[in-house]
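Below, chains carry the letters A, B, ... as their sequence lines are ordered, and counting in each starts from 1.
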Amino acid sequence: MAACEPNRARLLCMLSLTFGFFVVEVVVSRWTASLAMLSDSFHMLSDVIALVVALVAVRFAARTTATDKNTFGWIRAEVMGALVNAVFLTALCFTVVLEAVERFTEPHEIEFPRVVVVVGALGLAVNLLGLCMFRGHAHGGGGHGHSHGGGGKKGKKTTTGNKTTKSGNNAAEETNNLVPGTERRERTGSSHGECVDVQLNGSASYDDPEHDHSHDSASQLNMRGVFLHVLGDALGSVIVVINATIFTFMWQPCEPGVPCINPCINSHCTDHRHINRTLVELQDGDHGNHSDLQDMQTPLARAGPCWVLYLDPTLCVIMVCILLYTTYPLLKESALILLQTVPKQIDMHSLNSRLRELEGVLAVHELHIWQLAGSRIIATAHIKCHDPATYMDVAKRIKAFFHDEGIHATTIQPEFVTVNSESRASLCELSCRTQCAPKFCCGSADGPKPAEIAGAAGQKAIAAAASTTAMLEVINESLENAVRDQEIKGQGAPKAEEDVIVAREVESSL
Amino acid sequence: MLPLSIKDDEYKPAKFNLLFKLSGWFRSILADKTSRNLFFFLCLNLSFAFVELLYGIWSNSLGLISDSFHMFFDCTALLAGLAASVISRWRSNDSFSYGYVRAEVLAGFVNGLFLIFTAFFIFSEGVERALEPPDVHHERLLPVSIAGLLVNLVGIFVFQHGGHGHSHDGEGHGHSHSLFNGSIGHDHSHGGHGHSHTAKHGHGHDHGHGHGHGGHGHSHGEPDCHDDHSHTPGKGASKQILQGVFLHIVADTLGSIGVIISAFLMQKYDLMIADPICSMLIALLIGVSVVPLLRESIGILMQRTPPTLDHALPDCYQRVQQLQGVYNLQEPHFWTLCTDVYIGTLKLLVAPDADSRWILSQTHNIFTQVGVRQLYVQIDVAAM
């Protein structure tokens, strides 16, 4: 697919670069027999994995057509990719903190500082290149949000000219499809200019979902994850370079031929208190008791300033703080999407009240709005109306209302007021059973404790239904309303269910 | 004269009382059996970690210190599970129209990711140590490892009761179980943590402890809630978290056993290579065991059609389309909100003279029988 090809190309390019560098680092570490290099190379490997995750997410998300199992397509893959990257980064931070603490308690010197400087600089170059590549993604188009007709709340768009045509288009057709099959092929030039591929509105049934607006803003999240990962790695490289440079210039190592001690490192072979005292005495000319140090006349050399060894862990801790600070928003955002939150830009309360004010709408129940990915927002609701005849007009109005809000995938279930239940317009006719009661979805009093609801509500609902005194023709209504009745609880479940089924069969035969 | 009151506390807005909130959470935790167990196990783990840390500092053993940090890291996983079990019980509000029930799925997913990351980390350390085997000091390792094993066994016992013993019908579940009996190892057997990269010395330390995590094992497709006789209602949600915790603990137990075995091998037969190989094997095992957990939570988070309904749904579609007046059924979307809670939307194209209300109720019936209780049916009247 042509869309977001630049995304994929960048990811692939960065991936190959990073992987190549990883191999280089492994080879160097074997050559210099430096474990530090090896562990750094594993950090690079984690970077590679992050890129792979992002790439997989992008590839999956390109398949936005509905399948049998995934009726929404794979659009959410990018949000998942972002979450995976954020979690991965957090875990990596923990690891780094761990290692830093270990280095605090037991500092050790770098063995080949010059090699480390060179390799570190190379790594930094690679990471900086990656940063440049993904920078546009992460910050440029950061605020896509939704913009159809309602005015873009986040205004980072460069081309907004197509918006009006889009909203006009939406109002004309019933663009209910979540997964763009036929209608939603219009596409503004995206703000970050990469996936620019403006589709003409006239092409009917042209399935090109990648060009969808929401896809870009979802991929924003994914690319942000990658960006943060690369940023983390870049910071790591910076630390490596700084540390190695300072080490080269400031550290006075122990030369192999000259006897010297290293006061910074606590060796487990000797009690450090003992040896310090002994060696100090030696240095001052006294005779020590150690046989191998007995005939030492020259003053002992000391290895270089100890604080140099503590620089590395300190910088690491600082880096971790920076990383965590920048990762947290990404983590929060992708987690909120996955938790089926109402998108930030939508005010449920006002939406609800405005919906009620629409002509023909008596009541609104069970309004749920959630974000599939990016700007794909989905809404479902029960709307109570007068009668089926006028329903289609009301439906059109409701759909137009939602379109104005930027919600294009709506499912509205009509509930019709029956003659004898006009007074109970506020009650739900066909309500959900399990989750509803604790959420008082139809606005009634407190339901039973949420914790007990999930399993038991099913029983209770069916049980309660059978014992109401509603009329036969509104048996549907009463079944559901009974859930609200507090006093009807704990009836025998199986018997009630059979009654209900029988009752329903009777109804259907009428 | 107007009454003047100096103390009108009742008119002041409620202050944000942290203590009050905390006590509220505490009560919420203790209310439910699952979260109670999780909380106590978390406390046990934390105390063990603290003890290890203090002992490590006192005896200046880097291995023990780093191992205790590993334990803290895993305690966060357990904490995530606890948080999820509390959060998922909160009521819904304006921002969360479905409530917070998805938190447990998310927690399971995140914990699965953490486990994979841990496996990767252990694997890399095993590779490092295989390339440069440091000396391993096991004198301090064994007691710690045995203590950790005991803690894990406590955890297994505790979560065994809550974890199993339920009927799960429906296809494609219970993968975690088969893997439990199989081979799950989880070990951070950094015998010789190798952080002294100059390989001057190594330390053996053990990571034998229980790190539970609030993941979720699998969902049960129970079309009607009457089946819940083996556990209290509402436990469906926490069941998943418990499964995940159990998986974690068993993995860790086997890891401790692995450490003990490798220590034994090293001491008796001087097989230094046993340690890294053990680590790598165990890392692989962890990775493999986590896959079902991840697959399931990814399915739920990706809004996939619930696996339990895969076979039942086409039948339902057929039945709906056979209703009188229904021309066509379009755009069915079914997805899982959390365990056992399925939500569906569909659109029906009906004849102008059809009885919409009857069609609606019948459709709801049909889908309620397969377990979808939240259904939104949009009726589009076909133009004549």
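- Using a 4.5 Å cut-off between heavy atoms, A:T95 touches chain B through its side chain atoms alone.
- A tilted orientation is assigned to the rings of A:W370 and B:W335, their planes being inclined by 30° to 60°.
- Counting heavy-atom pairs closer than 4.5 Å to chain A, the top-ranked of the candidates B:V110, B:L301, B:I298, B:V381 is B:L301.
- Under 4.0 Å is where a charged nitrogen must lie from a carboxylate oxygen, and between B:D340 and B:R373 no such pair does.
- Only the side chain of A:L336 comes within contact range of chain B, with at least one heavy atom under 4.5 Å from a heavy atom of that chain.
- One finds the OG1 atom of B:T336 at 9.0 Å from the CD1 atom of B:I343 (value rounded to the nearest 0.5 Å).
- Only the backbone of A:I369 comes within less than 4.5 Å of a heavy atom of chain B; no side-chain atom from C-beta onward does.
- Not counting sequence neighbours, the partners of A:F88 by the ring pair (Phe, Tyr, Trp, His ring centres under 6.0 Å) test are A:H229, B:F117.
- Of the residues considered (B:A31, B:G299, B:S356), B:S356 shows the highest number of contacts with chain A, using heavy-atom pairs under 4.5 Å.
- B:F120 touches chain A through its side chain: at least one heavy atom from C-beta onward sits under 4.5 Å away, while N, CA, C and O do not.
- Of the atoms belonging to B:P332, it is backbone heavy atoms, and not side-chain ones, that fall under 4.5 Å from chain A.
- Under the side-chain hydrogen bond (donor to acceptor under 3.5 Å, both in side chains) criterion, A:Q340 pairs with A:R76, B:R102, sequence neighbours left out.
- Here the two rings, on B:Y342 and B:F367, have centers that are 6.0 Å apart or farther.
- Neither the backbone nor the side chain of B:I116 comes within less than 4.5 Å of any heavy atom of chain A.
- Heavy-atom contacts from other residues, nucleotides or ligands closer than 6.0 Å to CD of B:Q330 number more than 12.
- Residue contact with chain B, scored on non-hydrogen atoms closer than 4.5 Å, involves the backbone of A:A381 exclusively.
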